[in-house]
Amino acid sequence: MSKRGALDSFFKPTAPKKPKYESSTEKTHHASYPFSVPYLPSPFVEELGMCPAVADGTSIVDDPKYPDLDVVIHRPYIPSSISGGIFEFLRQELFFYRVVYQITRGGINATVNTPRYTTVFGVDETSRFSNGRLLDSKTNRPIEASRYKCVPRPLPACLETLKQIVEATTGETFNFCLVNYYADGKDSISYHSDDERFLGDNPAIASLSLGAKRDFYMKHKPIAPSANAPAQPEPKVLQLSLGPGDMVLMRGTTQKNWLHSIPKRAGAANAVGVGRINITFRKALVKAGTENYYQYNVGKGEVFKWGEKEGKMMPWSEGVAGTEAGAEHLDAAA
DNA sequence: ACGGATAAACGCT
DNA sequence: TAGCGTTTATCCG
């Protein structure tokens with residue numbers, strides 16, 4: 001029991017707030033986290049047990065209209081009864097970053113402001129977490145201190161839960177979880193491939209969408225004109241609209257041959273406050289993957305946390321009150 | 001892999 | 001449906 005006296009109790013404004021979702025009191029703590037992260041509420045976990053199998057998704061593979069593409073699309077994957085609640089939960093409970101970094105383009109330095117909020121958890125295959133400590137995957141001994149310049153973070157239990165569900169569905173295994181928050185239609189990611197060497201040759205990447213619906217475009221990489229077959233027409237763009245609970249599994253030769261993007265969008269449907277969370281699971285094979293992901297998804301910048309009152313991501317710092325302000329409608333089963 | 005410039009496409013009246 | 005403001009796609013530094 002608390003040591004609170006009568007006076008304190010008297011001045012305490014009101015009875016305890018009603019929780020927005022039945023949150024467990026259990027949280028994942030780790031020295032690398034700015035604050036601890038609650039477990040996924042158990043009603044969500046139970047419902048997630050009934051997610052579809054890969055076979056239930058729509059496959060696009062060996063399709064002459066989309067050469068070299070290999071994707072499976074589930075619309076939705078997470079049932080609509082809980083996708084809204086899981087979105088609210090993650091937006092509220094995770095910490096995010098707005099990474100700024102320097103690149104050299106055309107010989108000159110440029111500053112890039114990542115146009116979305118990001119956060120990342122995981123470590124490549126050369127290491128694994130055991131009770132929050134990093135061990136060498138082969139020897140099971142603690143890793144040497146010099147192994148990483150960054151500080152790898154274990155997945156919090158709530159994301160570990162989602163990872164396990166997605167692994168069971170896809171038959172893949174993952175060791176990284178990247179989370180993006182697109183606050184509105186101005187947040188985006190331009191065309192790119194997840195074709196880094198550290199993911200291996202034909203990486204499988206599972207991508208979960210939560211919250212606002214956004215366009216997701218995929219287009220074939222430019223086909224190099226060769227001597228005997230000049231100027232091929234590019235295959236047409238595959239335009240998907242990803243809504244809450246949808247999942248896209250990209251695998252095989254997809255990353256080698258295709259680009260994907262979440263383009264900027266104007267209009268009321270993408271107004272401020274209409275946020276989307278994207279969670280991708282992937283497997284980094286070597287150290288370079290760990291360094292890369294922490295550099296570009298955590299960086300050195302300030303921490304952001306969802307401000308319920310403000311309705312947007314707010315700078316967070318240790319000991320600053322106000323981040324507990326509660327929403328009411330979180331078990332919004334719709 | 002960003003964002004400003006620009007041209008093309010869209011969509012409302 | 002021409003006209004025009006808005007949105008989108010592409011180029012490029």
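Labels below follow one simple rule: chain letters A, B, ... track the order of the sequence lines, proteins then strands, and each chain is numbered from 1.
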Can you give me the N/O atom pairs linking the protein to nucleotides 10-13 of chain C at distances under 3.5 Å, or say none if there are none?
unit_1	atom_1	unit_2	atom_2	d
C:dG13	N2	A:R105	NH1	2.9
C:dG13	N2	A:R105	NH2	3.3

Between the protein and nucleotides 6-8 of chain C, which nitrogen or oxygen pairs are less than 3.5 angstrom apart?
unit_1	atom_1	unit_2	atom_2	d
C:dT8	OP2	A:A266	N	3.1

Identify the pairs formed between an N or O of the protein and an N or O of nucleotides 10-13 of chain B at a distance under 3.5 Å, and give each distance.
none

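Residues that satisfy the ring-ring contact (aromatic ring centres under 6.0 Å, His included) test with A:F198, not counting sequence neighbours, are A:Y293.
Applying the salt bridge (Lys or Arg N to Asp or Glu O under 4.0 Å) definition to pairs two or more places apart or across chains, those involving residues 139-152 of chain A are A:D136-A:R147, A:E144-A:R147. Here ring pair (Phe, Tyr, Trp, His ring centres under 6.0 Å) pairs that include residues 135-172 of chain A, with residues two or more places apart or in two chains, number zero.
We find that A:D68 and A:K256 are not joined by a salt bridge, their nearest charged nitrogen and carboxylate oxygen being 4.0 Å or further apart. Ionic pairing of A:D187 and A:R98 is present here: one or more N-O contacts between side-chain nitrogen and carboxylate oxygen are shorter than 4.0 angstrom.
The aromatic rings of A:H74 and A:Y77 sit perpendicular, their planes meeting at an angle over 60°, well past the 30° parallel limit. Between A:Y66 and A:W258, the ring planes are tilted. Angles from 30° to 60° get that label.
Panel note: side chain A:Y182, backbone A:A212; no donor-acceptor pair is recorded below 3.5 Å. Side-chain atoms of A:H192 come within 3.5 Å of backbone atoms of A:S190 as a donor-acceptor pair (strictly under, hydrogens ignored).
The only option from A:Y117, A:F304, A:F121 that meets the ring pair (Phe, Tyr, Trp, His ring centres under 6.0 Å) definition with A:F95 turns out to be A:F121.
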